[in-house]
Amino acid sequence: FTGRGKIDEELLEELEEALIGADLNIHTTMRALDELRAMVADKRLKDATDVTDHLKRFLWDTLMAGGASPVLSVAPSAPTVYLIVGVNGVGKTTSVAKLAYKLQREGKRVVLAAADTFRAAAVEQLALWGERVGVEVVKGRDGADPAAVVFDAIQAAKARKADYLLIDTAGRLHNKSHLMEELKKINRVVMRELGGRSADETLLVLDATTGQNAVNQAREFKSAVSITGLILAKLDGTARGGIVITIKDELNVPIKLIGTGEKPGDMEYFDAQTFIDALFE
Amino acid sequence: SLADKLQDVFKKLSGKGALTEADVAEALREVRLGLLEADVNFKVVKDFIGRIRERAVGVDILEGLHPAQQVIKIVDEELTALLGGEQAPLSFSAKSPTVIMLCGLQGAGKTTHAGKLAQMLRKQGRNPLLVAADIYRPAAIKQLQVVGEQVRTPVFTLDGADPTKIAQAGVAEAIRAGNDIVILDTAGRLQIDETLMAELQRIKVAVKPQEILLVVDAMTGQEAVAVAQGFHEALDVTGLILTKLDGDTRGGAALSIKSVVGRPIKFVGVGEKMDALEVFHPDRMASRILG
Ligand SMILES: Nc1nc2c(ncn2[C@@H]2O[C@H](COP(=O)(O)OP(=O)(O)OP(=O)(O)O)[C@@H](O)[C@H]2O)c(=O)[nH]1
Ligand SMILES: Nc1nc2c(ncn2[C@@H]2O[C@H](COP(=O)(O)OP(=O)(O)OP(=O)(O)O)[C@@H](O)[C@H]2O)c(=O)[nH]1
Ligand SMILES: [Mg+2]
Ligand SMILES: [Mg+2]
């Protein structure tokens, strides 16, 4: 997409395919290309490199709008609480473990809450991760109310003077109202136990292989428990996760972290430029 | 919906006659947008639109049938035909046990569907054995054991062995214990992970599965084609299970994969419980994709 080649409709089609192929929303893509066509018509873009650079700039502006930053909020007084949510199988439990590992390596004391009391061996999975990473995991009884586990975990985090409490929740499809109600209840317990403030971050985990449905997920989770950021997992695969650009554009949810594998260290803070460059590779 | 959008496109067409290229071009733009919004892969959309164009141009606007309805009808028929005319059942091997191997990306729903298949087969009077060959994911074996209890099916495990050895020992155990089906759960993996894809190939050579089912999340986007091709080229899959269709995704990945891999979607997952397994209906999937 670069070089002194001339700008023609073929180049624009190739760019459109690159964006759609990366799971950018078709309307976001069309808007971007219409803007390029207008600039080409006004002779404001000279060659193929110019066009690609401008397109990348357009995407970068979208991702960085409103001063979006991957920095995670910290509470005025410990513990800082992060609530991790999302649909089934996207990578929540693994992301909680990786984030715990990252924070711990920054010298912080971390406690985990195993609030998925529903799925087979969910608590065991997080408990094993806790052992592996070296952080305490607060669990409830089998089939216990997730809100009760969250309550216990907040008390434990305060008692241990933990810097961070990360809450792993069960996967839930956003169109299942009883499951979204359960999540709202967990959120209310967090707010009550933190003296009226919600979790310092409520992070929605998205699977990078997911297409347009990710926008529905973000919209529904945002309206249920106001999402403060995205974790885009499985970016080590071939999918590009371009849909997060539309989510940022339409719902103003910034991307905080990316998951790049299944080992504890496979998580990085989101970098917009790296992400955008990868869309065109 | 697409039907409404096409009604708008054809509002100006009145009276009898044939659909011209110009009429059809605008309608096809709407169909293309609709399919891309539904996550159908853009190359698959291109080919599909070509087929529709051929069928639609020159079609007489039939008495009493609005041109929009006619185009919809053509699109729906083509989509249903592409998704697979008739239902494709599970095939069983002449020599027992029939081995069914599940594979796919991380988190697609393999372990859950191993349990669902076991339950379905038990209800059909079969005697399946679940084999836990995921040695990587923390508590994966425990997860299959809990699932096995839920569906009253024994789970074979082998400590300290690699997945190929586990699969072989599982089949040997099935023969010994008289199980007529082996359902093999494998670890999630990326289709670009050469080491792990080679592992699946070794398992295939070792236990010669009758069915190699690729488990795919229905909300998969454009990458569905590359993923399915990767697994298919390595293993020659025999069918697919499309999961999490109880969500609200349009499920265009179904069309992408079917047109590129050509193997039938045998089952769909419609929930987290062990009874949430249905046979695939191409016509229902077609209307879902069209929105
Ligand atoms: N390659 C890769 N795999 C990942 C990544 N994150 C998670 N996974 C894998 O995805 C699968 C599902 O991860 P989980 O952490 O169990 O997902 P979850 O959202 O907690 O799932 P549920 O609790 O069942 O809804 C596991 O096999 C993980 O190892 C990632 O960044 N890259
Ligand atoms: N709602 C819904 N959830 C499902 C369905 N199938 C699986 N799940 C859920 O999706 C998540 C992942 O399922 P798993 O069976 O662990 O997926 P997997 O492919 O074995 O994952 P890995 O072994 O890590 O690759 C779990 O939370 C399941 O309960 C389905 O059809 N509908
Ligand atoms: Mg989990
Ligand atoms: Mg599994």
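In this text, all values refer to a predicted model and were calculated from it rather than measured experimentally. Proteins get letters first, then strands, A, B, ... in listed order; numbering begins at 1 in each.
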Using salt bridge (Lys or Arg N to Asp or Glu O under 4.0 Å) as the criterion, list what pairs up with Arg284(B), not counting sequence neighbours.
none

Which atom of [X] lies closest to which atom of [Y], heavy atoms considered:
X	Y	answer
Asp207(A)	Gln106(B)	OD2-O, 4.4 Å
Gly221(B)	Asp23(A)	CA-OD1, 3.6 Å
Ala139(B)	Ala121(A)	O-CB, 3.9 Å

Comparing Gly230(B), Gly252(B), Gly247(B) against chain A, the one with the most heavy-atom pairs below 4.5 Å turns out to be Gly247(B)

Which of the residues Ala224(B), Ala108(B), Gly107(B) is involved in the greatest number of heavy-atom pairs with chain A at under 4.5 angstrom?
Gly107(B)

Counting heavy-atom pairs under 4.5 Å to chain B, which of Ala22(A), Gly89(A), Ala214(A) comes out on top?
Gly89(A)

Top of Ala122(A), Ala97(A), Gly211(A), Gly91(A) for chain B proximity - count of heavy-atom pairs under 4.5 angstrom:
Gly211(A)

Quick check on [X] against chain B: is it the side chain, the backbone, both or neither that has a heavy atom closer than 4.5 Å?
X	value
Asn25(A)	neither
Glu16(A)	side chain
Asn216(A)	side chain
Ile20(A)	both
Arg240(A)	neither

Are Thr209(A) and Leu105(B) close enough, and set up right, to give a side-chain contact (heavy atoms from CB on, under 4.5 Å), and what steps lead you there?
CA-CA 10 Å; Thr209(A) 66; Leu105(B) 293 180; 3.9 Å; yes

Sub-4.5 Å side-chain heavy-atom contact between Met219(B) and Val90(A):
yes

Given side chains that start at C-beta, do those of Leu190(B) and Asp236(A) come closer than 4.5 Å, heavy atoms only?
yes

If the contact rule is any heavy atom under 4.5 Å from chain A, which residues of residues 149-160 of chain B qualify, in numerical order?
none

Counting only heavy atoms not in Glu9(A), do more than 12 fall under 6.0 Å of its CD?
yes

Looking at Glu21(B), I want to see if its CD is surrounded by more than 12 non-hydrogen atoms of other residues, nucleotides or ligands under 6.0 Å.
no

When rounded to the nearest 0.5 angstrom, what is the spacing between OG1 in Thr210(A) and CG in Asp217(B)?
6.0 Å

For Glu272(B), is it the side chain, the backbone, both or neither that has a heavy atom under 4.5 Å from a heavy atom of chain A?
side chain

Chain B contact residues among residues 124-140 of chain A, heavy-atom distance under 4.5 Å
Glu124(A), Gln125(A), Leu128(A), Trp129(A)

Is a donor on one side and an acceptor on the other found under 3.5 Å between the side chain of Asn175(A) and the backbone of Asp246(B)?
yes

Have Glu223(B) and Thr238(A) got a donor and an acceptor in their side chains that come within less than 3.5 Å?
yes

Please determine whether side-chain contact (heavy atoms from CB on, under 4.5 Å) holds for the pair Arg137(B) and Glu262(A), giving the CA-CA distance in whole Å, both sets of side-chain angles, and the decisive distance to 0.1 Å.
CA-CA 9 Å; Arg137(B) 171 173 155 154; Glu262(A) 302 184 76; 5.8 Å; no

Partner of Asp248(B) under side-chain hydrogen bond (donor to acceptor under 3.5 Å, both in side chains), chosen from Gln217(A), His174(A), Lys176(A)
His174(A)

Which atom pairs, donor and acceptor, lie under 3.5 Å between side-chain atoms of residues 31-52 of chain B and protein residues at least two apart or in another chain?
unit_1   : atom_1 : unit_2    : atom_2 : d
Glu37(B) : OE2    : His27(A)  : NE2    : 2.6
Asp39(B) : OD1    : Gln212(A) : N      : 2.9
Asp39(B) : OD2    : Gln212(A) : N      : 3.3
Asn41(B) : OD1    : Lys43(B)  : N      : 3.0
Asn41(B) : ND2    : Gln222(B) : O      : 3.0
Lys46(B) : NZ     : Glu17(A)  : OE2    : 2.9
Arg51(B) : NE     : Glu78(B)  : OE1    : 3.1
Arg51(B) : NH2    : Glu78(B)  : OE1    : 3.4

